[in-house]
Amino acid sequence: MHFSEYHFIDELKNNLEKSGFRKPTDIQYKCIPNILRGEDLLAIAQTGTGKTAAFAIPVIHILHSKINPKRRNGIRCVVMVPTRELALQINDVFTKFSKNTRVTSMSVFGGVEQDPQIAKLAKGVDILITTPGRLFDLVSQGYILLQQTEILILDEADHMLDKGFIKDIRDLIRFLPKKRQTLFFSATIDEEIKDLAYSLVKNPIRIQISPKDPVSKNVNHSVVFVSMDDKRFFLERLVQENPDSKILVFVRTKVRCERVQAAMLRVGIESVYMHGGKEQKDRIDTLNQFRSGKVKMLIATDVSARGIDIPDVAYVVNYDLPEHPENYVHRVGRTGRGKNKGFAYSFCDESEKKLLTAIEDYIGKNVQVLELGNEGYKEIRDFTSETEMDISKIIEQLEPEPNKRYGVKKSKKKK
Ligand code: ADP
Ligand code: MG
C-alpha cells in the first residue's frame, strides 16, 4: 500500500511525498491504523525501521483533523525521549511532515536557556518533544499545560521506563489527563519493562516486528579479538581501507573518548567526540559535523547509542564492548538504517569476554567471529603509521583508568 492511498489530509500526503516517503515500512503499516483508532500501543521493531514516522504521521493527521480553533492553550501531544539530540531529530521529522498543516511542534530540553523556549511555548504548540527533566521544570513553573494532552508517546520506551527515568515519567504522568492515548516505541524490551508499560495504560495493543533477532537484519555484525593495546591499530586500518566512510566509534567513558581521539590524531586521522559531559551546544555542533560528513569519525559514549539517525554511517565500531547488553543492539543499529546496509565490528579484549557472552545471551545467538590468524593480526598491528614515539604519553594512555571495571551491568532477558 502506498501512502497516497491512505485517508490522510492532503498536506500530510504532500509532505510525505516530498520527503521521499512513498510506502510505509512494516511497523508503520501495522501501527498507523491502530493509532488512528485511538488505541494504546506497545510497538517493538528493530532499529532503523521507521518508528518515528510510525507515530508522527498518524499524530499529525489526528491533531489536524480534530483541531478546535478557539482553544490553543495546551500541549496536545507529548513525546518523551532520553536525549536532547533525539528530541531535536524527532522535532525535525514532525516539522517536515506538518508543513502547511494547522499542527505545530517544538522540542524542549535542558542544558540551554529556558527563556527562548518559554517565549515559543507562549505562542501555542500542539506537539512537544522533550526530555523528562526540562519538561518537569517547565510544567512545575506553569509554562506548560498538560491538562489537555490527548496523546503521550515514549520513544526508546524501555530506556524511558528504566530506573533512571521512571520517577520523572511517573511524576509527569500525574499532570496528564487519565483519558488519553499512550504509545510506547522501542527496539528492545524486557518482561519487567513490558509489565510496567502495561500498568500505565488501559488496553494496550502489542505490535512486534522481527522479535527473534533484535539486531537489524541490515547490519552485518561481527567480533574481532584484539588486545586492548592494539585496538587503535585496528581502527586505523579500518579508516585507511575506507577513507570516505563515516565511522561511529563507541567507547565506555568520557576519558576513553579523548584517548581514542588522541591516538587517531597521532596517525593523522581527524575525529570528533561526544559524551554526556559536553556542553549542549558542543554536542549539537559535534553531531552536525559528523552528520554533514565534515568529519568522518565520531567517537561517542552510549549517550548517542539510542535513536540517532544518521543515514550514511557505514561502520559502527564497538571499540569497547557495551556494559548493558541491550546497548549492543542500539549501538550497532546506528548503521543499516532504512534500506541501507551497514557493518559493525566489536573489538573484544580478553577482559571483555564476559561482556560478549552477556551480549550473546541477550541477542540469543553467537556473534560471528572474524578470524585473522596470527599473521593477519600482526600485519594489522604493524601496518600503523604511528611513528611519533612519545613513550611517556603512550604509556599514560595505556594505563588502566582508575575505575576500570568490566562487570556486566545487568543482563536483561529479552522477550
Ligand atoms: P527507528 O526509530 O525505527 O530506529 P527512524 O524512524 O529513525 O527509525 O527511521 C530510520 C530511517 O528510515 C530514517 O532516515 C527515515 O527517514 C527513514 N524512513 C522511515 N520510514 C520510511 C519510509 N516509509 N520511506 C522512506 N524512508 C523511511
Ligand atoms: Mg527511533
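We number each residue from 1, following the sequence as shown. Everything quoted here is computed from the prediction, not taken from an experiment.
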- Item | Salt bridge flag under 4.0 Å for residues Glu360 and Lys353 | no
- Task: With ring pair (Phe, Tyr, Trp, His ring centres under 6.0 Å) as the test, would you mind laying out the steps for His221 and Phe343 before giving the verdict?
- Result: CA-CA 6 Å; His221 60 116; Phe343 287 89; over 10 Å; no
- Item | Donor-acceptor contact present, side-chain Asp190 to main-chain Glu192, <3.5 Å | yes
- Query: Is it true that atom NZ of Lys23 has more than 12 heavy atoms of other residues, nucleotides or ligands lying nearer than 6.0 Å?
  - Reply: no
- Task: Keeping the roles fixed (side chain from Thr131, backbone from Gly133), state whether a donor-acceptor pair exists under 3.5 Å.
- Result: no
- Task: Evaluate ring pair (Phe, Tyr, Trp, His ring centres under 6.0 Å) for Phe225 paired with Tyr377, printing each intermediate quantity in order.
- Result: CA-CA 9 Å; Phe225 292 106; Tyr377 189 105; over 10 Å; no
Which pairs of donor and acceptor atoms, one on a side chain in residues 168-179, lie under 3.5 Å apart (sequence neighbours left out)?
{"residue": "Asp171", "atom": "OD2", "partner": "Lys167", "partner atom": "NZ", "Å": "2.9"}

- Note on the structure: Correct closest heavy-atom pair for Ser351 and Met228 would be OG-CE, 4.3 Å
- Charged N to carboxylate O under 4.0 angstrom, Asp302 versus Arg331? yes
- Message: Whether the side chain of Gln46 engages the backbone of Val215 through a donor-acceptor N/O pair (distance < 3.5 Å, no angle test) should be reported.
- Response: yes
- Task: Take atom CD of Glu279 as the centre, draw a 6.0 Å sphere, and report whether it contains more than 12 heavy atoms from other residues, nucleotides or ligands.
- Result: no
- Expected output: side-chain Asn340 to main-chain Pro311 donor-acceptor under 3.5 Å: yes
- Item | Under 3.5 Å donor-acceptor, Asn15 side chain and Phe97 backbone | yes
- Does any N or O in the side chain of Ser105 come within less than 3.5 Å of the main-chain N or O of Leu128, such that one atom is a donor and the other an acceptor? no
- Task: State whether Lys281 and Asp285 are salt-bridged, where the test is any N-O pair (Lys NZ or Arg NE/NH1/NH2 against Asp/Glu carboxylate O) under 4.0 Å.
- Result: yes
- Within 45° of the axis and under 6.0 Å from the centre of the six-membered ring of Phe233, does NZ or CZ of Arg381 qualify? no
- Taking the six-membered ring of Tyr273 (Phe, Tyr or Trp), confirm whether the NZ or CZ of Lys278 is under 6.0 Å from its centre and within 45° of its axis. yes
